[in-house]
Amino acid sequence: MTQLGTERPHLPAPEPRRLSGLDRWFKISHRGSTIGREVRGGITTFVAMCYIVLLNPLILGASADITGARLSTEAITTATALAAGVTTILMGLVGNAPLALAAGLGVNGVVAFQMAPTMTWAQAFGLVVLEGVCIVFMAVSGIRERIINAIPMPLKVAITVGIGLYIALVGLVSAGFVTRTPDAAQSTVPVRMGIAGHLEGWPIAIFCLGLLLMIVLVSRGVPGAVLISIAVATGLAVLVNSVFHVEGWGLVEPKVPDQVVAHPDFSLLGDIDLFGGFGSAGAVTAAVFLFTLVLSGFFDAMGTITSVSEEAGLTKDGKVEGMGRILLVDGAGALAGGVTGSAPNTVFLESAAGVGEGARTGLASIVTGGLFTATLFLTPIAAVVPAQAAAPALVVIGGMMMAQCARIPWRDLDFAIPVFLTIALIPFTYSITNGIGAGLVAYVLIKICKGKIREIGWILGILAAVFGVYFGIEGIMSWF
């Protein structure tokens, strides 16, 4: 015991806690996280977004290319899981950010329903590879920011909203909830509800139950709500089909597979034709397709990266830490989507689910990517899921994207009509390209007629001119 007035012996300062190599590499402690949180966050992100392994085959498999060829569910599932696994792990290692990538909803619709009918699948995926090259080039050259600044924000928001409606319509049509009227040419109603103007049959019932369940779970913030709803609806579909032998499921009949584990189908890997699409679809049309992929791809990614990074506390003075590396991986994701045959890969907003569980570093992305890679050997399970069980996710996600409408200045007449044309024509014409083009052309025309040419800028003027040629290409070609 130390006596009063006696100096206490000098105690050495505690040694700083030694950080593991994993901690130092990913800056886990520096960002206020732990390995346990990163693992939990990575698993949560996977659960929140792994529905894409089921939905991407639904979208890509619903269309045929110019030769009538269709992609097999097993091959698309393998491609989707492979691309998501590789690019998400790459984001963890290079970008060190809790951001997961997978085939983008919306852009995969462009590949399936717009590009494929005008060219072969190999040529369509070749354009996807070129999109990745363009995004990488724009990321390193600074062009990306210049184009982003050139297009007015209301039009950017309108593209997101229009794609949301488009995705929802694809889901409703895939499930058979909305069908084409047989005599649409003579009828004032081009589409109708159900097969005969009303809802009937077990497949529609499964879709409605799955949709209602998903709405409830999403609204209550249940983790993995989309996946849970798809799993429940699929289980009901398998049960109903085994008991009643129901018809009308569409391309996928829900039945128990002979095996759960199978060898991945890599038949789409590397099957690309880089420039053949320019010959099949025409140079102008293919160029507009490429422009649409690039435009929607990097705008969606920029918004998602910024919002999720802010939630994770990875921004300083409005700038995202390591943004250059993150954008490079995002471009590589689009490129990987083409090489694997899964459609362009982009950052998913569901990454915020992992951030909510505490993820702050790229270690979470490596966990998510590893789980995606593991699904390569579970492709037979995807062949069990009918469109009626998976399509509710398209409807719900499309509805959530509509929330962006609140950011549109509807009272500003310079934007009101261009924004409306963008939002309306994307689903009404089943073409994202048409909606983007109509909005840009209308906006530029309004500015010119009001004597505000200087507000347009040369970049926007060139884009509007390109779309003008696209819309009038048939008439122009008839002159020659």
How are the rings of F125 and W121 set to each other: parallel, tilted or perpendicular (split at 30° and 60°)?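 Rings of F125 and W121: parallel, under 30°.
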Mutual orientation of the aromatic rings belonging to F467 and F291 [parallel < 30°, tilted 30-60°, perpendicular > 60°]: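 Judged by the thresholds at 30° and 60°, the geometry between F467 and F291 is perpendicular.
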Could you tell me if the side chain of [Y] sits less than 4.5 Å from the side chain of [X], heavy atoms only?
X    : Y    : value
L211 : V395 : yes
L165 : I426 : no
F415 : V157 : no
L212 : V216 : no
V111 : P344 : yes

Looking only at non-hydrogen atoms, find the nearest pair between T45 and S351 and report the distance.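 Smallest interatomic distance, heavy atoms only, reads OG1-O, 3.7 Å.
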Closest contact, heavy atoms only, R70 versus A64
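Looking at all heavy atoms of both residues, the closest pair is CG-CB, 3.9 Å.
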Let me confirm one number: the OG-CG distance from S280 to D65, rounded to the nearest 0.5 Å.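 So the OG of S280 and the CG of D65 are separated by 9.5 Å.
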For the ring pair (Phe, Tyr, Trp, His ring centres under 6.0 Å) test, which of Y51, F372, F348 pairs with F46?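 With F46 as partner, Y51, F372, F348 yield a single ring pair (Phe, Tyr, Trp, His ring centres under 6.0 Å), made by F372.
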* To do: Kindly determine whether W410 and V419 satisfy side-chain contact (heavy atoms from CB on, under 4.5 Å), including the steps that lead there.
  => CA-CA 8 Å; W410 291 105; V419 163; 3.6 Å; yes
